[in-house]
Amino acid sequence: MQRQWRLASRPEGIPDRSHFDLVEVPIPAIEPGKAVVKTLYLGVAPVMLRYMRNETDFESPIALGSVMAGRGVAQGIESDCIDLPVGAIVQARVGWQEYALIDTSQRPAPFVLPTDLPLSHGIGAVSLSGITALVGLRDIGNVKPSDRILVSGAAGGVGSHVAEIAKALGATTVVGIAGGPEKCRRLSTAMGYDEVIDYKNQDIDQALDKTFPDGIDLYFDNVGGALLDNVLGRINRRARIVICGSISEYLIDKEKRHKFINVQNLGRQDAKMEGFFVFDYENQYPACIDTLANWVRNKTLNPVEDISEGIETMPDALADLYLGNNVGVRMVKVAEPDLPP
Ligand code: NAP
């Protein structure tokens, strides 16, 4: 038997345990062309709230009573699929459960992870968080050495990688915004940020005036809303705004979301604001993982992870994202591998 989290109800606000049921079900039997995998780590992402509300078109609707969707690091334990052999360590859409039956038709397809690095990095640095930071900075942000860079949500799963990756791509100065003194301390001591702004304890206008007296060249945005509007009023010529996410608005009804007043500045400054979705860059994953893994090996990239133990902690891990409780990549360790990785 195995444990599995099922969606019990759709949250209005921050998701919690009451929105899920933890049930015991049989471990799935092998089927032709598929593999049974054992879940080792599960990741949480802000977008899961939107899965729970059926608000995304890339994740199939989750009916109440079905297993909660999500991706994790898993090991093949039985296989009838040449690309998912027994023993392989993969990042895949396994759902919130201890064992899953998967195949290669899911999108993004399961991908094999390097095994010389901690397997937890398969949730963050050498996986979708790292790839999101890399693609966002390089392909959307076109980062340049002279850029004065600002990152919001800087101590989160994606943001915790952005300063070090920006520097690996040639940047020299990266400023991070996060909430609270402990997060801001970690931005400077563990995540490669040169200057930090604590938006919960500092006046944001004064802090941005002081930190960016000559304006902002590149903004990597994880939060959206009023802060994005503020930054739009401060951009330099040919600035680039990378819309990675808008977590400050995910819990707010459409009509109550921030009304932007500085968007015209994009035209005035010949600037660019562009969103992207990491699932659309699947063909780049192998090259990105190679690059990110090498940066971890040579300590250019030093992942910060926030790990709780046991599948029973999944709902709390998801809530932590919306409560601002995570520092770095929030994940749950579910089990040890059965076979040596
Ligand atoms: P994350 O940043 O770890 O999310 C949690 C953090 O968000 C919290 O610790 C908190 O940090 C901040 N936060 C929570 N509520 C907030 C609010 N109301 N206002 C401002 N900040 C708030 O999550 P992540 O997985 O790394 O994702 C970061 C963003 O990227 C999200 O918007 C996500 O949807 C997006 N994303 C996009 C892609 C893509 O393909 N474009 C891929 C992955 C993620 P503070 O305490 O510092 O506020």
Side-chain angles (χ1 to χ4, degrees), residues 13-15 42-51 55-56 58-59 70-71 91 107-108 123-125 127-141 150-163 165 175-187 191 193 196-202 204 219-231 241-252 256-258 273-282 284-285 288 303-307 316-331:
I14 296 176
L42 285 169
V44 288
V47 72
M48 287 175 173
L49 170 68
R50 303 176 70 199
Y51 298 167
E55 284 176 359
T56 64
F58 56 89
E59 183 56 66
R71 297 187 69 95
Q91 206 277 15
R107 285 289 168 267
I123 295 292
S127 186
L128 298 181
S129 310
I131 297 171
T132 301
L134 176 56
V135 166
L137 284 162
R138 185 189 61 193
D139 301 0
I140 312 297
L150 177 66
V151 182
S152 62
V158 176
S160 60
H161 301 101
V162 172
I165 292 178
V175 178
I177 302 188
E182 173 54 17
K183 283 190 182 182
C184 287
R185 188 184 69 76
R186 298 286 296 277
L187 288 183
M191 300 176 193
Y193 284 89
V196 300
I197 298 173
D198 176 351
Y199 77 95
K200 288 187 177 161
N201 294 293
Q202 283 178 265
I204 197 79
Y219 179 43
F220 192 104
D221 186 22
N222 285 309
V223 307
L227 180 58
L228 171 58
D229 208 5
N230 194 329
V231 171
I241 296 184
V242 179
I243 302 294
C244 176
S246 321
I247 192 169
S248 74
E249 309 234 75
Y250 295 166
L251 284 168
I252 300 176
K256 292 193 185 139
R257 287 184 197 153
H258 181 80
M273 179 158 79
E274 186 177 346
F276 72 105
F277 182 37
V278 69
F279 282 16
D280 293 339
Y281 291 79
E282 193 180 346
Q284 294 193 32
Y285 288 3
C288 286
V304 175
E305 298 174 339
D306 193 340
I307 308 177
D316 299 332
L318 178 57
D320 277 347
L321 302 182
Y322 283 94
L323 295 167
N325 286 342
N326 64 306
V327 182
V329 184
R330 186 73 174 93
M331 69 183 86

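Atoms within each ligand, like the ligands themselves, are counted from 1 in listed order. By convention here, the first residue in the shown sequence is residue 1. Worth saying up front: this structure is predicted, and the values here are computed from it rather than measured.
- Without hydrogens or angle criteria, Tyr51 side chain to Val47 main chain gives no donor-acceptor distance under 3.5 Å.
- Side-chain atoms of Ser160 come within 3.5 Å of backbone atoms of Gly157 as a donor-acceptor pair (strictly under, hydrogens ignored).
- Looking only at distances, no side-chain donor or acceptor of Ser152 sits under 3.5 Å from a matching main-chain atom of Ile177.
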Pairwise, report which nitrogen or oxygen atoms of ligand 1 are under 3.5 angstrom from protein nitrogen or oxygen atoms, and how far apart they are.
| residue | atom | partner | partner atom | Å |
| --- | --- | --- | --- | --- |
| ligand 1 | 3 (O) | Gly157 | N | 2.9 |
| ligand 1 | 3 (O) | Asn326 | ND2 | 2.8 |
| ligand 1 | 9 (O) | Lys183 | NZ | 2.8 |
| ligand 1 | 9 (O) | Asn326 | OD1 | 2.5 |
| ligand 1 | 11 (O) | Lys183 | NZ | 3.2 |
| ligand 1 | 26 (O) | Gly157 | N | 3.0 |
| ligand 1 | 26 (O) | Val158 | N | 2.6 |
| ligand 1 | 30 (O) | Asn222 | OD1 | 3.3 |
| ligand 1 | 32 (O) | Asn222 | O | 3.0 |
| ligand 1 | 32 (O) | Ser246 | N | 3.3 |
| ligand 1 | 32 (O) | Tyr250 | OH | 3.1 |
| ligand 1 | 34 (O) | Tyr250 | OH | 2.7 |
| ligand 1 | 40 (O) | Val278 | N | 2.7 |
| ligand 1 | 41 (N) | Cys244 | O | 2.9 |
| ligand 1 | 41 (N) | Phe276 | O | 2.8 |
| ligand 1 | 46 (O) | Lys183 | NZ | 2.6 |
| ligand 1 | 47 (O) | Gly179 | N | 2.8 |
| ligand 1 | 48 (O) | Tyr199 | OH | 2.5 |

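- Shortest non-hydrogen contact noted between Pro181 and Asn201 is CD-ND2, 3.7 Å.
- With hydrogens and angles disregarded, no donor-acceptor distance shorter than 3.5 Å links the side chain of Lys183 to the backbone of Gly328.
- Test Ile241, Val151, Val242 against Tyr219 for side-chain contact (heavy atoms from CB on, under 4.5 Å) and you get one pass: Ile241.
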